[in-house]
Amino acid sequence: MAPQTRGLSFPKIVIEGDSDSEQSSSSSEDEDEVQNDAGEESEQVDEVEVVEESEASTSAKSRRQPISISLKKVCKVCKKPGHEAGFRGATYIDCPMKPCFLCKMPGHTTMSCPHRVATEYGVIPAPLKNTHSSLEYVFQRQVRHHIPTIKPSFVIPKYLNCGVVRYHSRRITCLEFHPTINNILISGDKKGQFGVWDFGKVHEKAVYGNIHSCILNNMKFKPSNDGTVYGASSDGTISCIDLETGISSTLMNLNPDGWQGPSSWRMLYGMDINSDRGLLLSADNFGFLYMADARSNNVIGKPILIHKKGSKVTGLHCHPLQPDLLLSCGNDHFARIWDMRLIEDRSSIYNLSHKRVVNSAYFSPQTGSKILTTSQDNRLSIWDSIFGDMDSPSREIVHSHDFNRHLTPFRAEWDPKDNSESLVVIGRYISENYNGTALHPIDFIDVSNGQLVAEVMDPNITTISPVNKLHPRDDVLASGSSRSIFIWRPKENSELKRQRDPSRILLCGKGEKERKSKFEDDSGDDDFGKDTYGSKSSKTKKTNLKKSKVCSSKRKY
DNA sequence: AGGCGATGAAGCC
DNA sequence: TGGCTTCCCTCGCC
């Protein structure tokens, strides 16, 4: 990470001997070092002590002491000696001086975090569901525990079916399934490029690069014409794209005068369509909501301040059944509910408070009675309008998704097919050691009880998958990981041969020809896993490959 | 293979 | 409020 290297790039190096202070401060870990050094005498000579001190004391010490260079290893996180944080093999060791990286509470590290080891993964029980008497407790524990849940088990698309590697030239920022044609997936990236992919035919794909000039934050199909897609971008425009031709027109432009500096450059993030009212809604990085007529494509009215002035509105969602309700979320740590009939500056009817930035907020897809939010405090929150209230979430689920730079923000998404409105998918930031490889799974969580239903991953995909979308009709998951897109299905059986067909994993971008020819060489190989997939080439992961039987190739995704 | 940087928010003064 | 520094598992390029 850049800040780490920056912090250590110009250390003051003190050349000193065994000063009194040094000896007295030596800890048990220093003793370990001594033991190690005893074995390898040559290392002792090369040791360099890295200390942050003033120039004066540095020169004074160097004058006084005979030259003996010693290197004391310090933790790269807290810069203190005695322990080290970082990857050991494929397992990340936390700095014990910092709060837990997962739940943010002090006193333990991620390794021993109760939210990581509990069977009910990361669950904070709903406040209203707590037992109030011992009798109730006995009932809950001994009777209710054995009552099976009355709902069908979830179908999890957990097998990698096909993918396009390096499809986009920058990281994926959004994905949408076509509302009527089953195998069409559209995608947007950080550069503003727009992709259309027929994952049924795998090879049929197109990327259009001249529509937006920077991040394509959100896309929506036009309800009255599913051959048209709207796109909201950080270039401040909403585009109207024809799916067949890739030809687009600009519906809205918030920066008609071009670049006048960062304080005036408007970027559009959240977007949704209210088909009952024929409205296209979008919101910007200064807290304002914009509306346009979805039929005439004309902008309607003035911008309305819906979040803290100057703060980004990260998402918008219209209620699936009640056209008068709108949900928004933003950098002001709130998700807010609005009545479209009365909407004006700061007129929200509910404000759902969070501890950090809210990445997304969605009504449950069928009844809209629940709200799911993803916040950068590493918690998913469920707000239940029937069995709870809007003052506090009816459930919070601790889940690792708090990385806020260099990755597309994580957004927990409902499964639109789940009638119980409880299955949710979200990518995981923190990695786990799976057979010696550090992987970042895509998590399926049952928000009715907080349990982790499934962790979806493939040993060949070592990058984080922040963008995930479940198909509106089929048991299909689309995931966006870095510049690549993957399709997952629930069964291997009949798909097995197809899945192991290398031609179902397309390689694009730089080195495409070379890679393709290599694939052709490999195509005769029965053991697909051995030679057609690869893994990361970083130091930690390379060592892991020795242990991993599957990942033995130099090639990577 | 290692350094670099694109980036965004929090927290401090 | 604004400027500056810091920040724990990125990722791809040079």
Side-chain angles (χ1 to χ4, degrees), chain A residues 1-10 74-80 83-104 106 109-111 113 116 165-173 189-191 214-215 217 234 261-263 267 269 285 308-312 314 330-333 354-359 375-378 400-410 427-434 437-441 461-467 480-484 508-511 535-544 554 556-557:
Chain A
M1 204 173 170
Q4 290 160 17
T5 49
R6 186 173 57 207
L8 294 171
S9 52
F10 302 108
V74 295
C75 171
K76 66 173 182 177
V77 177
C78 70
K79 312 285 185 292
K80 291 194 176 96
H83 61 275
E84 275 183 87
F87 273 107
R88 202 165 296 165
T91 305
Y92 192 92
I93 309 295
D94 270 1
C95 170
M97 309 300 282
K98 293 276 182 173
C100 173
F101 191 49
L102 176 56
C103 73
K104 310 297 177 195
T109 62
T110 316
M111 287 291 259
C113 177
R116 192 175 205 178
V165 176
R166 299 187 192 202
Y167 179 30
H168 282 262
S169 58
R170 292 289 185 275
R171 62 163 207 252
I172 308 285
T173 52
D189 72 21
K190 209 190 92 169
K191 215 177 172 184
C214 57
I215 315 176
N217 290 304
S234 288
S263 59
M267 302 186 255
Y269 285 85
N285 56 326
K308 185 181 171 187
K309 198 170 187 181
S311 76
K312 187 199 293 177
T314 52
N331 274 20
D332 62 354
H333 302 190
H354 296 73
K355 288 197 178 65
R356 290 294 168 101
V357 167
V358 188
N359 289 348
S375 169
Q376 287 190 13
D377 62 358
N378 262 358
S400 171
H401 54 253
D402 65 332
F403 203 69
N404 54 13
R405 281 184 313 174
H406 315 132
L407 285 180
T408 306
F410 290 87
R428 197 192 303 174
Y429 166 42
I430 205 164
S431 69
E432 293 280 357
N433 184 342
Y434 292 98
T437 310
L439 298 179
H440 306 268
I461 303 171
T462 55
T463 46
I464 296 170
S465 306
V467 190
S481 193
S482 185
R483 297 151 54 182
S484 309
C508 305
K510 211 177 173 183
S535 192
K536 287 227 25 149
S537 57
S538 74
K539 225 183 216 172
T540 28
K541 281 151 192 172
K542 231 182 189 174
T543 52
N544 304 334
K554 282 177 195 165
K556 61 177 181 178
Y557 272 13

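Per chain, numbering begins at 1; letters A, B, ... match sequence-line order.
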Taking 4.0 Å as the cut-off, does a side-chain nitrogen or oxygen of A:N331 come that near to OP1 or OP2 on B:dG8? no
Using atom CD1 of A:I215 as one end and atom P of B:dA6 as the other, report the distance to the nearest whole Å. 14 Å
Closest of C:dT10, B:dA10, C:dC7 to the A:R405 side chain is C:dC7
Do other residues, nucleotides or ligands put more than 12 heavy atoms under 6.0 Å from the NZ atom of A:K104? yes
Could you give the CZ-to-C1' distance, from A:R170 to B:dT7, as a whole number of Å? 13 Å
Kindly indicate, with the supporting measurements, whether the criterion salt bridge (Lys or Arg N to Asp or Glu O under 4.0 Å) is fulfilled by A:R356 and A:D402. CA-CA 10 Å; A:R356 290 294 168 101; A:D402 65 332; over 6 Å; no
Could you give the CD-to-C1' distance, from A:Q376 to C:dC7, as a whole number of Å? 13 Å
Any donor-acceptor N or O pair under 3.5 Å, side chains A:T408, A:R171: yes
Using the side-chain heavy atoms of A:F101, tell me which of these nucleotides is nearest: C:dC11, B:dA6, C:dC8. C:dC8
Please tell me which of the listed nucleotides, C:dC8, C:dC13, B:dG8, lies nearest to the side chain of A:K98? C:dC8
With distance as the sole criterion, is a donor-acceptor pair present between the side chains of A:N433 and A:T91 under 3.5 Å? yes
Examine B:dA9: is either OP1 or OP2 under 4.0 Å from a nitrogen or oxygen in the side chain of A:H333? Give yes or no. no
Which class fits the ring pair A:F87 and A:Y92: parallel under 30°, tilted 30 to 60°, perpendicular over 60°? perpendicular
Which part of the nucleic acid does A:P466 contact within heavy-atom distance under 4.0 Å: base, sugar-phosphate only, or nothing? nothing
Among the nucleotides C:dC11, B:dA6, B:dA9, whichever has the atom closest to the side chain of A:K190 is B:dA6
Rounded to whole Å, how long is the line connecting atom CG of A:D377 with atom P of C:dC8? 18 Å
Please state how far atom CZ in A:R171 lies from atom P in C:dT10, giving the value in whole angstrom units. 14 Å
With P as the reference atom in both, quote the distance from B:dT7 to C:dC14 in angstrom, rounded to an integer. 16 Å
Separation of B:dG8 atom C1' from A:H401 atom NE2, nearest Å, is 16 Å
Write down the distance between CZ (A:F403) and C1' (B:dA10), rounded to a whole number of angstrom. 15 Å
Nearest to the A:R483 side chain among B:dA10, B:dG8, C:dG12, which nucleotide is it? C:dG12
Rounded interatomic separation in angstrom, taking NE2 from A:H406 and P from B:dA9: 12 Å
Scan A:D94 against the nucleic acid and name what it touches under 4.0 Å (heavy atoms): base, sugar-phosphate only, or nothing. base
Going by centres under 5.5 angstrom and planes under 30 degrees, do the aromatic ring of A:Y92 and the base ring of C:dC8 stack? no
